[in-house]
Amino acid sequence: MKRLELTDLITLLRECAGEEEGVDLDGDILDVPFAELGYDSLAVLQTTGRIERDFEVLLDEEAVDEAETPRVYLELINRALSERAGV
Amino acid sequence: MTGTSLLERPGVTGRGAQARTTPAVVTGIGVVAPNGLGAAAWWAAVLRGESGIRPLTRFDASGYPARLAGEVPGFVAEDHVPSRLMSQTDQVTRLSLVTAEEALKDAGVEAAELPEYAAGAVTASSAGGFEFGQRELQALWSKGSQHVSAYQSFAWFYAVNTGQISIRHGLRGASGVLVSEQAGGLDAVGQARRQLRRGSSLVVTGAVDSALCPWGWAAHLAEGRISVSDDPGRAFLPFSADACGYVPGEGGALLVLESATAARDRGARVYGTVAGYAATFDPAPGAGGGSRLGAAAELALDDAGVRPDQVDVVFADGAGERVADRAEARAISDVFGEYGVPVTAPKSMTGRLAAGGGALDLAAALFSLRDQVIPPTTGTRRPAEDCPLDLVTGAPRRGAQLRTALVLARGRGGFNAAAVVRA
């Protein structure tokens with residue numbers, strides 16, 4: 001089963017929404033809110049669209065809105081991926 | 001005039017008479033043009049008579065009837081625009097951000113340090129982020145809605161340049177966007193001047209435009225006034241008997257407009273005053289009455305309190321199309337007399353930049369007043385018999401004292417605008 005790791009997410013964020021100057025995405029960012037990483041809701045939306053396309057998965061819009069950190073966001077995606085794999 | 005009653009509406013009068021009457025002065029200029037990136041490089045190229053009209057490189061235009069354009073050369077967006085903005089901006093916005101930054105730096109002002117709502121941005125745009133829009137529409141059509149960028153929600157939008165400039169520099173004051181094609185570059189400055197009268201102390205204004213993508217190209221072709229010549233030196237010839245249409249280009253200028261009081265208080269260098277502005281609208285085709293461009297010129301002179309014999313140079317719209325050139329020549333000679341005032345159209349070196357064109361001409365007029373030189377209309381060797389203009393051709397003209405310039409612009413669809421700048 002495919003899982004999305006933090007390094008994959010960082011790559012996607014960079015591709016979809018660039019990189020804020022002065023933010024170290026390679027540091028310990030699992031619990032740093034997206035807003036502090038320089039990614040607003042639209043940046044997350046753009047990245048979510050990309051993940052939905054690439055992994056052929058549909059994510060819950062409200063849950064995505066509430067996922068404020070990479071850790072929560074990754075949990076959400078990986079849960080969706082495993083649920084789909086279990087079907 | 002309705003303008004007076006507007007200014008005196010409740011809530012506006014409270015700001016005091018001084019704000020309403022203090023002149024609007026230009027303290028900063030930023031330029032991005034096909035013949036120069038940056039105001040200094042562009043102006044030097046203009047005075048050398050150096051054209052930026054070349055075969056299109058942005059996309060493969062070999063299969064189209066028209067293949068020449070004025071592209072901004074050597075613009076590497078990544079060198080100027082932060083990575084976070086790259087995925088959410090069209091070429092037109094990237095060019096605008098660079099130009100706004102130059103203008104503010106030139107003015108020597110940190111807009112973010114001004115009182116919170118004192119500074120704003122008023123730009124013009126004729127097509128928004130067209131190239132971005134084309135890419136997303138292609139994705140929608142060929143792959144489906146899941147493939148459309150979330151940023152399409154604003155990246156295409158007419159107001160996007162105003163918005164991104166405002167966010168970047170913290171310009172939270174009165175702002176807006178004007179959409180009137182080539183006239184827009186002047187209309188924006190007219191609107192910025194109104195905002196200064198209503199109490200703003202600084203407005204970044206003008207226009208930068210770009211739509212050199214197949215979709216934008218198709219729009220130019222559909223209108224049927226684009227030049228299909230393959231000779232860069234003869235493709236766009238304003239007021240020439242050989243005029244054969246216009247060459248589209250990208251770029252423009254952004255100006256920092258300040259109330260004279262605010263500029264004086266901070267000891268700013270001043271390029272000139274936007275002393276007059278007016279806009280008119282042409283009657284519907286076939287309705288009679290003809291072009292209202294001359295009326296815009298007269299109203300702008302009136303607004304500036306300037307007589308025609310006090311105007312030292314006219315920056316013409318220069319459509320490069322016989323009927324429109326004739327109409328403009330008639331409008332100019334009705335106001336100034338035949339061969340009555342030096343006229344120039346340096347856009348012969350850039351092509352028509354849509355909203356950016358009027359703004360770039362305004363920048364050229366201000367540099368003309370500063371350097372006491374009229375840039376030439378290139379390509380055109382002499383005006384056609386039916387265009388009785390004292391057209392400056394070949395080389396820059398020096399010698400006459402330049403204190404007042406009139407800038408004219410016409411936008412597709414009947415828009416006319418005129419602005420008067422004084423040294």
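A note on names: the letters A, B, ... follow the listed sequences, proteins ahead of strands, and every chain is numbered from 1.
The neighbour count for B:E110 CD, taken as heavy atoms of other residues, nucleotides or ligands under 6.0 Å away, does not exceed 12. The environment of A:E68 atom CD is sparse: at most 12 non-hydrogen atoms of other residues, nucleotides or ligands sit within 6.0 angstrom. For A:D28, the CG atom counts as loosely surrounded, since its 6.0 Å shell holds 12 or fewer non-hydrogen atoms of other residues, nucleotides or ligands.
Heavy-atom distances place no part of A:D54 under 4.5 Å from chain B, backbone and side chain included. With a threshold of 4.5 angstrom between heavy atoms, A:E52 approaches chain B through side-chain atoms but not through N, CA, C or O. Both the backbone and the side chain of A:E19 come within less than 4.5 Å of a heavy atom of chain B. Contacts of B:Q146 with chain A are made by both backbone and side-chain atoms, with heavy-atom separations under 4.5 Å.
In terms of heavy-atom proximity, B:S87 sits nearest to A:G18 at OG-N, 4.1 Å. Closest approach of A:A17 and B:Y151 over heavy atoms only: CB-OH, 3.6 Å.
Listed in order of number, the residues of residues 43-50 of chain A that approach chain B to under 4.5 Å between heavy atoms are A:A43, A:L45, A:Q46, A:G49.
Side-chain contact between B:R84 and A:D40 is present, with at least one heavy-atom pair separated by less than 4.5 Å.
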